[in-house]
2 protein chains.
Amino acid sequence: MLTGEGCPKTMLSIKDALEALEGSWKLLILFALSSGPKRFKQISKEVSGISDKVLSKELKNLEQNKLITREVYDTYPPTVEYAITAHGKSLEKVMEELHFWGLTHRKEIIGK
Amino acid sequence: MLTGEGCPKTMLSIKDALEALEGSWKLLILFALSSGPKRFKQISKEVSGISDKVLSKELKNLEQNKLITREVYDTYPPTVEYAITAHGKSLEKVMEELHFWGLTHRKEIIGK
DNA sequence: GAAAGCACTTTCCGGTTGGAAAGCAAATGC
DNA sequence: GCATTTGCTTTCCAACCGGAAAGTGCTTTC
């Protein structure tokens, strides 16, 4: 149980998590990568609405937080592959929970 | 264009969830309320760093999304109590997962 | 009568964010 | 030779965010 009048420690770790996942793009990018490594353009297609600039920034941030890896192959037109790390994979439970919650939330509020 | 590859429907519901929880305050406020109804000042104390203005705005948003309720008692100095709803409670799993993930993340990155 | 407490709301204002669009380097393909 | 592709980066610029601080309406306490 996470409850308790004074539970600032739990609060802190939630805060840590939220900081690392700030913005709504990061989890979506991770989700896209959870089905296999992808290239820049491919991600930008799957995560609809994101601009190149923002995607680039988010990818850097995710790499810094060791949630993804970046591999460059020096080929014809540049090939860069992004893959999710084990640490990133450990967010799958969170994504799953968010997914289910999102469904009920849509029923509750949006599809009302 | 919907690619058959990923899972755009899942992505959509995750997006819905993330939109409802946008910013890093909402989950923290919900967490504070998960241990029982609280008043404005009390929440502002527990969620350290939040300003009155933002707290007020977030509370309104949470109420609109039916994650909390607001009850006003007309007493001496005004008493307003916020409580988490069943729908809000259903986010506890997400919070729990975030909590655990935050702990390992801190080990992985911050406390390195 | 003065001060203080509660739950906000409002105003001011600087900083950050993010979209659109263009640039870039190098190697193919035509 | 020329356009094209890829994975970014840069610039411009408007919108939004959020902190600080003061105001509000009412009431109790000193």
Side-chain angles (χ1 to χ4, degrees), chain A residues 11 14-15 18-30 32-33 36-65 67-85 88, chain B residues 1 3 5-6 11 14-15 18-30 32-33 36-65 67-85 88:
Chain A
M11 189 100 79
I14 294 182
K15 218 171 180 176
L18 291 172
E19 254 160 52
L21 305 174
E22 163 265 323
S24 29
W25 296 120
K26 297 193 181 61
L27 275 176
L28 293 178
I29 294 170
L30 287 173
L33 290 179
K38 305 240 164 76
R39 296 166 66 180
F40 191 88
K41 272 276 150 63
Q42 219 171 338
I43 300 171
S44 98
K45 254 180 253 164
E46 289 191 27
V47 181
S48 70
I50 198 168
S51 72
D52 280 3
K53 189 174 81 172
V54 174
L55 178 53
S56 163
K57 202 190 58 182
E58 299 287 24
L59 287 172
K60 264 180 207 156
N61 183 286
L62 288 170
E63 201 194 349
Q64 277 185 359
N65 279 338
L67 299 175
I68 61 170
T69 55
R70 190 183 115 107
E71 192 123 11
V72 185
Y73 305 93
D74 64 332
T75 46
Y76 356 86
T79 302
V80 184
E81 255 193 6
Y82 297 91
I84 196 167
T85 63
Chain B
M1 257 152 261
T3 62
E5 315 198 42
M11 188 101 78
I14 295 182
K15 218 171 181 176
L18 291 172
E19 252 160 53
L21 304 173
E22 161 268 322
S24 28
W25 296 120
K26 296 192 182 61
L27 275 175
L28 294 177
I29 293 169
L30 286 173
L33 289 179
K38 305 240 162 77
R39 299 167 62 180
F40 191 89
K41 270 277 149 62
Q42 218 170 338
I43 300 172
S44 98
K45 253 181 254 163
E46 288 190 27
V47 181
S48 69
I50 198 168
S51 73
D52 280 3
K53 189 175 81 171
V54 173
L55 178 53
S56 164
K57 202 190 57 181
E58 299 287 23
L59 287 171
K60 264 180 206 156
N61 183 286
L62 288 170
E63 200 194 350
Q64 277 185 359
N65 278 337
L67 299 175
I68 61 169
T69 55
R70 192 183 115 108
E71 192 122 13
V72 185
Y73 305 93
D74 65 330
T75 45
Y76 356 87
T79 301
V80 184
E81 255 192 5
Y82 296 91
I84 196 166
T85 63

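Remember, predicted model here, so these are calculated numbers, not experimental data. Chain letters run A, B, ... following the sequence lines, proteins first and then strands; every chain starts at 1.
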A.B. asks: What is the separation between atom CD1 on I29(A) and atom P on dC8(D), rounded to the nearest whole Å?
C.D. replies: 12 Å
A.B. asks: Can you measure L55(A) atom CG to dT6(D) atom P for me and round it to whole angstrom units?
C.D. replies: 14 Å
A.B. asks: Starting at atom NZ of K41(A), determine the distance to atom P of dT9(D), rounded to an integer number of angstrom.
C.D. replies: 13 Å
A.B. asks: Restricting to side-chain hydrogen bond (donor to acceptor under 3.5 Å, both in side chains), what partner residues turn up for R70(B), sequence neighbours left out?
C.D. replies: Y82(B)
A.B. asks: List for me each residue that meets side-chain hydrogen bond (donor to acceptor under 3.5 Å, both in side chains) alongside K15(A), sequence neighbours excluded, and say none if there are none.
C.D. replies: none
A.B. asks: Taking side-chain hydrogen bond (donor to acceptor under 3.5 Å, both in side chains) as the definition, give me every residue that meets it alongside E22(B), ordered by chain and number, with sequence neighbours left out.
C.D. replies: K26(B)
A.B. asks: Have a look at T85(A) and tell me which of L33(A), N65(A), L62(A), T69(A) forms a side-chain contact (heavy atoms from CB on, under 4.5 Å) with it.
C.D. replies: T69(A)
A.B. asks: Could you check whether T75(A) gets within reach of a base, just the sugar-phosphate, or nothing at all, counting any heavy atom under 4.0 Å?
C.D. replies: nothing
A.B. asks: With rounding to the nearest 0.5 Å, note down the distance linking CD1 in I84(B) to CG in L30(B).
C.D. replies: 5.0 Å
A.B. asks: Separation of R70(A) atom CZ from dG7(D) atom C1', in whole Å?
C.D. replies: 8 Å
A.B. asks: Can you tell me if R39(A) touches the phosphate of dG7(D), counting only side-chain N or O atoms and a distance under 4.0 Å to OP1 or OP2?
C.D. replies: yes
A.B. asks: Side chains of I29(A) and I68(A), heavy atoms from C-beta outward: is any pair under 4.5 Å?
C.D. replies: no
A.B. asks: Have a look at Y73(A) and say if it touches a base, only the backbone sugar-phosphate, or nothing, with a 4.0 Å heavy-atom cut-off.
C.D. replies: nothing
A.B. asks: Evaluate side-chain contact (heavy atoms from CB on, under 4.5 Å) for F40(B) paired with D52(B), printing each intermediate quantity in order.
C.D. replies: CA-CA 9 Å; F40(B) 191 89; D52(B) 280 3; 3.8 Å; yes
A.B. asks: Could you give the CD-to-C1' distance, from E81(A) to dG7(D), as a whole number of Å?
C.D. replies: 13 Å
A.B. asks: Earliest and latest nucleotide of DNA chain C, 5' to 3', sitting under 4.0 Å from a non-hydrogen atom of chain A?
C.D. replies: dG18(C) to dT28(C)
A.B. asks: List the protein contact pattern of nucleotides 10-26 of chain D with one symbol per nucleotide (5' to 3'): B for base contact, S for sugar-phosphate-only contact, - for none; contact means a heavy-atom distance under 4.0 Å.
C.D. replies: BB------BBB----B-
A.B. asks: Using atom NZ of K60(A) as one end and atom C1' of dC8(D) as the other, report the distance to the nearest whole Å.
C.D. replies: 8 Å
A.B. asks: Please enumerate all residues that pass side-chain hydrogen bond (donor to acceptor under 3.5 Å, both in side chains) together with T79(A), with sequence neighbours excluded.
C.D. replies: T75(A)
A.B. asks: Going by purine N1 to pyrimidine N3 plus the second Watson-Crick contact, or the G-U wobble pair, all under 3.5 Å, which nucleotide sits opposite dG23(D)?
C.D. replies: dC8(C)
A.B. asks: Just verifying a value: how many Å separate L55(A) CG and K60(A) NZ, rounded to the nearest 0.5 Å?
C.D. replies: 11.0 Å
A.B. asks: What is the distance, to the nearest angstrom, from the CD atom on Q42(A) to the C1' atom on dG7(D)?
C.D. replies: 13 Å
